[in-house]
Amino acid sequence: MKELNRWFVTNRRDLPWRHSPRDPWAVLVSEVMLQQTPVVRVQPAWEAWLARWPDATSLANDQPGEAVIMWDRLGYPRRALRLHSAAVRIRDEFGGRVPDDYDTLLSLPGIGDYTASAILAFAYRRTIPVLDTNVRRVLARSRHGLAYPRGSAVTRTERQELAEILPTSGEQAATTSEAFMELGALICTSQNPVCTQCPLATNCHWYNSGQPANQQPPNRQARFAGSDREVRGRIMQLIRSTPAGVTQAELDLTWPDPAQLSRAQASLVADGLLVETADKRYTLPTS
DNA sequence: TATTCGTGGTG
DNA sequence: TCACCAAGAAT
């Protein structure tokens, strides 16, 4: 991994949540925002978020609807709600401090295996395998000659494989994990990887076997245009811009198909992103 | 295990 | 125009 670390020293992006000393809350917020949202869009949102809510308690003391508004257009607004719920639990159960053990982190809303591991590694500098889509792809290619990892779920084998590669030192393990992720994000990309600039190319099983397309990309998404997700997005855009609440008639203007609108609206209510008031208006959630 | 869940940039 | 994708989680 000497080649990888040398590459990382030179090519490491200066991202604010990597600045030392790393605040676990700031890292947690960054990791949740980065779930399926690109770095370039997360960075300004992360800055604004932490300027307003510098710790979990300050977020917990504010309204969940305010979190949804601040979330703005990062996408998947349920993440904003879950982040607020996690902040409430951190305030109420952990004295406002982000937990530092895997099982407790995993029990928080919106935090799964990747995010729990990332917080432990990047904030607390603990030696733990961090397997995101980038790391999985880099390992699949360099070590197994596969264009993409098999399946969408992290396997025990992958975890063990990475654990054996990682340095013992928590500090060095965290750096190595960041380097793997950075390589996957900048060089060993899903499409059009830049293998000629890859520090692992010499020993890459996939590159040395001619980059065979032997696997399907694991994450094919349903088309967005015309989907319920698009309708939900329309509704959320309206409600974010009108936090005082909207009427059903105003909601009806967001989408031409009444049945689909009704379905999307009901799903938002079920998610807690949309609240029906006593006078039949719709607002963002309050605690 | 396969789906669902936003948004915007890119080729 | 459109498929593909971007530090996943929950069900």
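A, B, ... follow the sequence lines: proteins, then strands. Residue 1 opens every chain. The structure presented is a predicted model; accordingly, all values stated were derived computationally and were not measured.
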Undergrad: Using the six-membered ring of A:Tyr148, assess whether NZ or CZ of A:Arg141 lies under 6.0 Å from its centre and within 45 degrees of the ring axis.
TA: yes
Undergrad: Does the side chain of A:Asp14 pick up a donor-acceptor pair with the side chain of A:His19 at under 3.5 Å?
TA: yes
Undergrad: For a quick check of understanding: with a heavy-atom distance under 4.0 Å over all strands, which category does A:Leu15 fall into, base, sugar-phosphate or nothing?
TA: base
Undergrad: Mind calculating the distance between CG (A:Leu120) and C1' (C:dA7) to the nearest angstrom?
TA: 15 Å
Undergrad: For a quick check of understanding: with a heavy-atom distance under 4.0 Å over all strands, which category does A:Ser267 fall into, base, sugar-phosphate or nothing?
TA: nothing
Undergrad: Do A:Gln63 and A:Thr286 have side-chain atoms, one donor and one acceptor, less than 3.5 Å apart?
TA: no
Undergrad: Between B:dT7, C:dA7, C:dC4, which one does the side chain of A:Arg220 approach most closely?
TA: C:dC4
Undergrad: Would you state whether a donor and an acceptor, one from the side chain of A:Arg41 and one from the base of B:dT7, lie under 3.5 Å apart?
TA: yes
Undergrad: Do we see a donor-acceptor contact under 3.5 Å between the side chains of A:Tyr76 and A:Arg229?
TA: yes
Undergrad: On DNA chain C, nearest-nucleotide positions of A:Arg137 versus A:Asp113: which is more 5'?
TA: A:Arg137
Undergrad: Side-chain donor-acceptor pair under 3.5 Å between A:Ser58 and A:Asp55, yes or no?
TA: yes
Undergrad: Using only modelled atom types and a 3.5 angstrom limit, is any donor from either the side chain of A:Gln221 or the base of C:dA6 paired with an acceptor on the other?
TA: yes
Undergrad: Whole Å only: how far is the CG atom of A:Leu105 from the P atom of C:dA10?
TA: 12 Å
Undergrad: For A:Ala225, report the nucleic acid contact type (base, sugar-phosphate, nothing); a contact means any heavy atom under 4.0 Å.
TA: nothing
Undergrad: Side chains of A:Thr277 and A:Asp279: donor-acceptor distance under 3.5 Å anywhere?
TA: yes
Undergrad: For A:Gln191, answer base if it contacts any base atom (sugar-phosphate contacts may also be present), sugar-phosphate if it contacts only those atoms, and nothing otherwise; contact means non-hydrogen atoms under 4.0 Å.
TA: sugar-phosphate
Undergrad: Roughly how many Å is it from CZ in A:Phe224 to C1' in B:dC5, rounded to a whole number?
TA: 10 Å
Undergrad: Does A:Thr37 place a side-chain N or O at less than 4.0 Å from the phosphate oxygens OP1/OP2 of B:dG8?
TA: no
Undergrad: Rounded to the Å, how far apart are A:Gln43 CD and C:dA6 P?
TA: 19 Å
Undergrad: Specify the separation, in whole Å, of atom CG of A:Leu74 and atom C1' of C:dA7.
TA: 13 Å
Undergrad: Just to be sure I understand the rule, does A:Gly75 reach a base, reach only the sugar-phosphate, or reach nothing, if contact means heavy atoms closer than 4.0 Å?
TA: base
Undergrad: With a 4.0 Å cut-off on heavy atoms, is A:Ile111 in touch with a base, just the backbone sugar-phosphate, or nothing at all?
TA: sugar-phosphate
Undergrad: Would you say C:dC2 has OP1 or OP2 under 4.0 Å from some side-chain N or O of A:Arg223?
TA: no
Undergrad: So what does A:Asp271 hit on the nucleic acid, given a heavy-atom distance under 4.0 Å: a base, only sugar-phosphate, or nothing?
TA: nothing
Undergrad: Contact class for A:Arg18 (heavy atom, under 4.0 Å): base, sugar-phosphate, or nothing?
TA: base
Undergrad: Mapping A:Ala222 and A:Arg73 to their closest nucleotides on DNA chain B, which lands nearer the 5' end?
TA: A:Ala222
Undergrad: Take A:Asn192 and A:Met236, find for each the nucleotide of DNA chain B with the closest heavy atom, and name the residue whose nucleotide sits nearer the 5' end.
TA: A:Met236
Undergrad: Across the strands shown, which category fits A:Trp71 at heavy-atom distances under 4.0 angstrom: base, sugar-phosphate, nothing?
TA: nothing
Undergrad: Measuring to OP1 and OP2 of C:dC5, would you say a side-chain N or O of A:Ser190 lies under 4.0 angstrom away?
TA: yes
Undergrad: Take the protein atom CG of A:Leu34 and the nucleotide atom P of C:dC5, then report the distance between them rounded to whole Å.
TA: 19 Å
Undergrad: Need one value for A:Arg150: base, sugar-phosphate or nothing, where a base atom within 4.0 Å counts as base even if backbone is also close, heavy atoms only.
TA: nothing
Undergrad: For a quick test of reading the model: is some side-chain N or O of A:Arg229 closer than 4.0 Å to OP1 or OP2 of B:dG8?
TA: no
Undergrad: Could you verify whether a donor N or O on one side chain and an acceptor N or O on the other, from A:Glu182 and A:Asn11, lie under 3.5 Å apart?
TA: no
Undergrad: Would you mind telling me which residue lines up with the more 5' stretch of DNA chain C, A:Glu31 or A:Arg82, judged by nearest nucleotide?
TA: A:Glu31
Undergrad: On the nucleotide C:dA7, are OP1 or OP2 found under 4.0 Å from the side-chain N or O atoms that A:Gln35 carries?
TA: no
